[in-house]
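This report concerns only the one structure given below.
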There are 2 protein chains.
Amino acid sequence: MAKLQKSIDKRNALVKATIELVNNNGFHATPMSKIAKMAKVSPATIYLYFENKQDLVNQTYIEVKAEYTNYAFATYEENMSVEDGFELIWKRIADFKLKECEHAMFLAQCDNTPMIDEPSRIEGIKHLQPLLDLWQRGKKEGLVKPLSDFILYAYAINPLSFLMITQKRGAFQLNESHIQEAYQAAWDSIKVNK
Amino acid sequence: MAKLQKSIDKRNALVKATIELVNNNGFHATPMSKIAKMAKVSPATIYLYFENKQDLVNQTYIEVKAEYTNYAFATYEENMSVEDGFELIWKRIADFKLKECEHAMFLAQCDNTPMIDEPSRIEGIKHLQPLLDLWQRGKKEGLVKPLSDFILYAYAINPLSFLMITQKRGAFQLNESHIQEAYQAAWDSIKVNK
DNA sequence: TAACTAAAAATGAACGTTCATTCTTTTTTT
DNA sequence: AAAAAAAGAATGAACGTTCATTTTTAGTTA
């Protein structure tokens, strides 16, 4: 195993603990001491890896966001048809939100509170470009409604966050056929009606 | 002006200050002392109206949620057609989220964090029944897809929260034609394709 | 109406706790 | 043996909450 100056394992453990504790207790009830304890590290050690608590949360956000978009676009290729490309990306995102539920929950919490500072938020948005390009192509081909990317995202992608959260809270159980139904609803909402 | 034992004005000022401060700074950066200051009240006075900070936030959540659903259904009548009823409710909700943006933002934050305890969350859901009944009717009439209420809500209603938040963050400007487009996307996502 | 009074409401200051962060020392690495 | 990394204990500030006191209210008496 390669050795960096500071242990990457320790950093990862800190990020992991942050996600878990913030998910379960919220930012306001997640003291540095608990993060340190869960990561099996002294509180002082956190400050070797991160400037302060805000920096720890910002960096965690950016990393999880990057992981999310990497997963979403991992198997996508630009020469796919708009419909195939969208279905592929959509299902990868659904997959991520269900399998990496903890990480997706963390993102949802960050995206809906003033927990993250503005620069980190902007940094996190950048990585969605392939999806926006795909929609651009879809609009040109007359397959996708000529709407702003925000509206397309709101209807095609964001509903998955709501479903993930209600599922996590135990309100109902998502299964494979729900995923297919949700995909159909997503596509119906943004596709041009012939 | 009628006089209650304890001043209802003071209570309202506290609730209002809570919404404003939690919206701008998050729960974790909203100390009771600031809430008291903004409401022009002593910190000790808060505890005459609320048990503690958690109780203050819970009660605020329930009140805002009730205000939201009251507004949503205020002009709805059960003898309306499914399509008309849905459009009416949808547009009332859109209206609320844009006009009472602060209140809607507060709800979004509560709904996406562990800020609120479970009983208050359940209390908040109750009031949506008229919409669920409408969908039930729509399914019977073959107008609305036979999907779970959670999925219908995720696609028909929840996207408005995303749009509201991005608009509030200044990412883009929502206008009347966006609202119409969004309504169409909402209906397209849940209506049965003939 | 005016004075009085007991209870309720409101307050500013204080309390004990917890927090993020730093300091000093020890351990590990090279 | 020097430098880097990690640790536990310490620190000062900030927090939620309570305490002791003052102010306001509402009812009663004159």
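Residue numbering restarts at 1 for every chain, and letters A, B, ... go by the order of the sequence lines.
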Verify, without hydrogens or angle tests, whether A:Lys53 (side chain) and A:Thr30 (backbone) share a donor-acceptor contact under 3.5 angstrom.
-> yes
Contacts satisfying salt bridge (charged side-chain N to carboxylate O under 4.0 Å, His left out) that involve residues 82-92 of chain B (not counting sequence neighbours) are B:Glu87-B:Lys91
Could you state the CG-P distance from B:Asn25 to D:dC15, rounded to the nearest angstrom?
-> 11 Å
Within this structure, what is the CG-to-P distance between A:Leu48 and C:dT27, rounded to whole angstrom?
-> 17 Å
What orientation do B:Tyr153 and B:Trp135 show, parallel under 30°, tilted 30 to 60°, or perpendicular over 60°?
-> perpendicular
Spacing between B:Lys37 atom NZ and C:dT11 atom C1', to the nearest angstrom = 14 Å
Using whole Å, report how far CG of A:Asp55 lies from P of C:dA20.
-> 14 Å
Side chains of A:Tyr71 and A:Asp95, donor plus acceptor under 3.5 Å = yes
For the pair B:Asp111 and A:Arg169, find out whether any cationic side-chain nitrogen is under 4.0 Å from an anionic carboxylate oxygen.
-> no
With respect to the side chain of A:Thr45, which nucleotide from D:dA6, C:dA10, D:dT17 is positioned closest?
-> D:dA6
Before giving the answer on salt bridge (charged side-chain N to carboxylate O under 4.0 Å, His left out), spell out for B:Lys145 and A:Asp188 the whole-Å C-alpha distance, their side-chain angles and the decisive distance to 0.1 Å.
-> CA-CA 12 Å; B:Lys145 293 176 184 172; A:Asp188 283 349; 2.7 Å; yes
Between P of C:dA8 and CD1 of B:Ile8, the distance in whole Å = 19 Å
Atom CZ of B:Phe50 to atom P of C:dA10: distance rounded to whole Å?
-> 12 Å
Can you check nucleotides 22-24 of chain C for protein contacts, nitrogen or oxygen pairs under 3.5 Å, and list what you find?
none

Residues in side chain to side chain donor-acceptor pair (under 3.5 Å) with A:Asn25, at least two apart?
-> none
NA contact type, A:Tyr49, heavy-atom cut-off 4.0 Å: base, sugar-phosphate, or nothing?
-> sugar-phosphate
A:Lys53 vs C:dT21: side-chain N/O to OP1/OP2 distance below 4.0 Å | no
In whole angstroms, the gap separating C1' of D:dA6 from CD1 of A:Ile46 amounts to 12 Å
Rounding to a whole Å, what distance do you find between A:Gln54:CD and C:dT21:C1'?
-> 15 Å
